[in-house]
Amino acid sequence: GGVERTLVAVKPDGVQRRYVGQIIQRFEKRGFKLVGLKMLQASDGLLSQHYRELVKKPFYPNLVDYMTSGPVVAMVWEGLNVVQSSRRMVGPTNPAEAPAGTVRGDLSLHVSRNVVHASDSVEGAEREIKLWFEGKELLNWECYDHSLTYK
Ligand code: DAT
Ligand code: MG
């Protein structure tokens with residue numbers, strides 16, 4: 001992969017438990033660049049598009065209740081191979097299977113309260129970013145230390 005963008009969102013349990021700062025810090029420390037950030041209350045309509053492959057699942061109503069239970073902090077991170085790297089940093093969907101050191105493995109226990117979202121493919125990330133952000137909300141800026149973290 002080259003330089004990509006991905007959607008990462010701290011879900012309502014992560015916001016309630018005051019993990020926003022810790023999660024941002026993990027991505028900053030890794031070397032990724034923050035290009036969009038906002039707090040919002042997700043709507044049923046946004047979630048039905050975001051989770052369009054899951055709307056028929058038996059757990060979907062509970063998923064929507066959870067995701068609309070409070071504010072979400074949505075972010076767009078940019079960098080080399082950021083889609084796959086952020087999935088690895090977040091860990092498997094089910095926290096019971098998530099290794100220590102991953103966000104989910106360190107901060108959560110149950111699949112229905114897994115603290116954070118990260119896009120699962122480059123195409124998915126492009127779709128999700130368009131859903132959650134307007135173009136003008138994403139900033140192109142030069143990160144001066146990238147000459148140290150990128151060859
Ligand atoms: P991920 O969030 O790792 O991309 P996903 O896209 O398959 O996982 O599912 C989206 C969210 O739906 C997931 O973070 C939590 C919820 N979910 C998935 N499978 C579930 C299940 N079996 N029971 C309850 N919630 C589930
Ligand atoms: Mg997913």
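Indexing begins at 1, ligand by ligand and atom by atom, following the structure's order. All values below were derived from every heavy atom in this structure, side-chain atoms included, with hydrogens, water molecules and symmetry-related copies excluded.
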Asker: Looking only at non-hydrogen atoms, find the nearest pair between V76 and I129 and report the distance.
Answerer: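 Nearest heavy atoms, V76 then I129: CG1-CD1, 3.8 Å.
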Asker: Would you give me the side-chain donor-acceptor pairs under 3.5 Å for residues 21-38, sequence neighbours excluded?
Answerer:
| from | atom 1 | to | atom 2 | distance (Å) |
| --- | --- | --- | --- | --- |
| R26 | NH1 | G101 | O | 3.1 |
| R26 | NH2 | D106 | OD2 | 2.9 |
| K33 | NZ | E78 | OE2 | 3.3 |
| K33 | NZ | W141 | O | 2.6 |
| K38 | NZ | W132 | O | 2.7 |
| K38 | NZ | E137 | OE1 | 3.0 |
| K38 | NZ | E137 | OE2 | 3.4 |

Asker: Please tabulate, line by line, the atom pairs linking an N/O of ligand 1 to a protein N/O at a distance below 3.5 Å, with the distance in Å to 0.1, or answer 'none'.
Answerer:
| from | atom 1 | to | atom 2 | distance (Å) |
| --- | --- | --- | --- | --- |
| ligand 1 | 2 (O) | R104 | NH2 | 3.0 |
| ligand 1 | 3 (O) | R87 | NH2 | 3.4 |
| ligand 1 | 3 (O) | T93 | OG1 | 2.5 |
| ligand 1 | 3 (O) | R104 | NH1 | 3.0 |
| ligand 1 | 4 (O) | R87 | NH1 | 2.7 |
| ligand 1 | 8 (O) | T93 | OG1 | 3.1 |
| ligand 1 | 14 (O) | K11 | NZ | 2.9 |
| ligand 1 | 14 (O) | N114 | ND2 | 2.8 |

Asker: Under a 4.0 Å N-O cut-off, is there an ion pair linking E53 with R127?
Answerer: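 Looking at R127 together with E53, the answer is yes, because their closest N to O distance falls below 4.0 Å.
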Asker: Would you kindly say whether Q16 and D13 are connected by a side-chain donor-acceptor distance under 3.5 Å?
Answerer: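 No, D13 and Q16 have no side-chain donor paired with an acceptor closer than 3.5 Å.
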Asker: At their closest point, which heavy atom of S119 faces which heavy atom of V83, and how far apart are they?
Answerer: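 Answer, listing the atom of S119 first, then V83: O-CG1, 3.8 Å.
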Asker: Answer yes or no: does atom CG of L138 have more than 12 heavy-atom neighbours from other residues, nucleotides or ligands under 6.0 Å?
Answerer: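 More than 12 within 6.0 Å, yes.
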